[in-house]
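A quick write-up on the structure given underneath.
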Amino acid sequence: MRIIKVQNKELLAKKATELFVNVIKNNESPILGLATGSTPERMYELLIEKYKNGEICFANVLAFNLDECVGLAPNHPASYRYYMQQKLYNHVNTEKTNTFLPNGLAIDLEQECNMYEQQIKQTGNIDFLVLGIGENGHIGFNEPGTSFNSRTHIVTMTENTREVNARFFEKIDDVPTKALTMGIATIMEAKEIILLAQGERKADILHKVIHGGITEDIPASILHKHPNVTVITDIAI
Ligand code: PGA
C-alpha cells in the first residue's frame, strides 16, 4: 500500500486527478470504477477542466460505479446516477451506454446484482478504481462485517450511514434504507485502486486501516492485500 500524504484537499484532488489522467492516457479503452460522495467532487471538476483543455478524452472510457441507492430514480437528486451526470458525465464526452451503475429500481434486486457483476466480468478487469472511505471503514456500501468474498450485493445501510446521507433529504425517513454495491471481492479485482481519505473526521478510521490488522470489521483494511493501492490523504498518519 503506497501512501501519498498531501497538505490539503486541493492537492489531494490534484494528485488523484494526475493518476486518473495517466490511466486514461495510457489505455486505449480504460475501464474505470468510480465513487460518489463529497471526497471525489473536486477531482471530477479537475477532470472536466482537463477534458475542456483537450488534454483527455472520455470517448473510449467505460465506467462502473461502486454503488447506487435502492428506490431512487436516476433523476432523483440524491441518486448516484444523478450525481455522476451532474459532477462528470454531462460535462465530458462519455457515451451514456458506456457508463454503468447498478439499477436501484430493478424489480428483482438479486438478479440486478448478478447482472451487474456479469457486466463487469464481460467487460474485463477494471483498470482503475476510485474509493472513498466511510467513517466506519466502509468502501462502496460494504459496511463493517461484510465478507471479504462478497460480490455485488444488496445492503441494508447502517443508521450511521443513513444519518450521514440525510443531508440530501428533507427528513431521515426519506433516506433509502438499502443500496446495491460492488462487493469487496469485486473491488479487489481492479488492477489499480486509489483510496481518497480527506479531512479530520476520517483520521481515526484511516489510522486503523493503515496501522491496524486486516479484519472484516474494517472493510477498507482488505486493501493491504491488493498489489497496487495508493492512499491519497491530507490526514497526518
Ligand atoms: P464522503 O463519503 O466522500 O462523502 O466522505 C465517502 C464514503 O462514505 O465512502
Side-chain angles (χ1 to χ4, degrees), residues 6 8-17 19-20 32-47 63-70 72 77-84 86-88 101-102 104 126 128-146 150 152-153 155-169 172 175-184 186-188 190 193-210 216-223 226 229-235 237:
V6 293
N8 56 43
K9 203 172 165 175
E10 182 66 13
L11 293 175
L12 185 151
K14 280 203 169 128
K15 191 70 210 173
T17 303
L19 299 183
F20 200 121
L32 306 176
L34 299 181
T36 52
S38 53
T39 312
E41 279 182 4
R42 181 67 184 140
M43 176 189 76
Y44 292 136
E45 282 176 9
L46 295 175
L47 286 167
F64 290 90
N65 263 78
L66 285 165
D67 44 21
E68 178 60 287
C69 298
V70 167
L72 299 183
S79 81
Y80 293 173
R81 165 58 80 179
Y82 185 87
Y83 172 109
M84 289 310 298
Q86 298 296 316
K87 308 282 183 202
L88 182 67
L101 290 92
I126 291 176
F128 182 77
L129 186 143
V130 180
L131 290 176
I133 183 168
E135 288 171 50
N136 61 7
H138 75 205
I139 46 176
F141 261 124
N142 295 290
E143 303 285 12
T146 305
S150 55
T152 303
H153 62 287
V155 294
T156 300
M157 294 183 201
T158 60
E159 277 316 300
N160 174 269
T161 297
R162 288 187 74 224
E163 280 160 22
V164 172
N165 285 346
R167 64 190 190 273
F168 300 114
F169 296 85
I172 186 86
V175 182
T177 55
K178 289 187 189 302
L180 306 181
T181 184
M182 275 186 205
I184 294 180
T186 323
I187 290 170
M188 289 292 282
I193 297 176
I194 61 169
L195 177 80
L196 310 180
Q198 196 276 315
E200 271 312 299
R201 75 192 166 89
K202 305 288 174 68
D204 186 41
I205 192 66
L206 188 67
H207 194 270
K208 286 184 183 142
V209 168
I210 291 181
E216 288 182 348
D217 291 337
I218 303 179
S221 65
I222 189 68
L223 297 173
H226 191 283
V229 171
T230 306
V231 176
I232 309 175
T233 186
D234 62 353
I235 299 163
I237 29 149

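Read the numbers this way: they start at 1 and go in the same order the structure lists the ligands and their atoms.
For K9, the side-chain hydrogen bond (donor to acceptor under 3.5 Å, both in side chains) test picks out no residue, with sequence neighbours left out. With sequence neighbours left out, E216 forms a side-chain hydrogen bond (donor to acceptor under 3.5 Å, both in side chains) with no residue at all. In this structure Q86 satisfies the side-chain hydrogen bond (donor to acceptor under 3.5 Å, both in side chains) test with no other residue, sequence neighbours excluded.
Looking at L101, L129, I126, L88 one by one, the single match for side-chain contact (heavy atoms from CB on, under 4.5 Å) with L34 turns out to be L88.
Using a heavy-atom distance under 4.0 Å as the criterion, the protein contacts of ligand 1 are G37, S38, T39, G132, I133, G134, H138, R167, R201, K202.
With hydrogens and angles disregarded, no donor-acceptor distance shorter than 3.5 Å links the side chain of E68 to the backbone of S79.
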Test log, rule side-chain hydrogen bond (donor to acceptor under 3.5 Å, both in side chains), inputs E135 and N160: CA-CA 9 Å; E135 288 171 50; N160 174 269; 5.2 Å; no
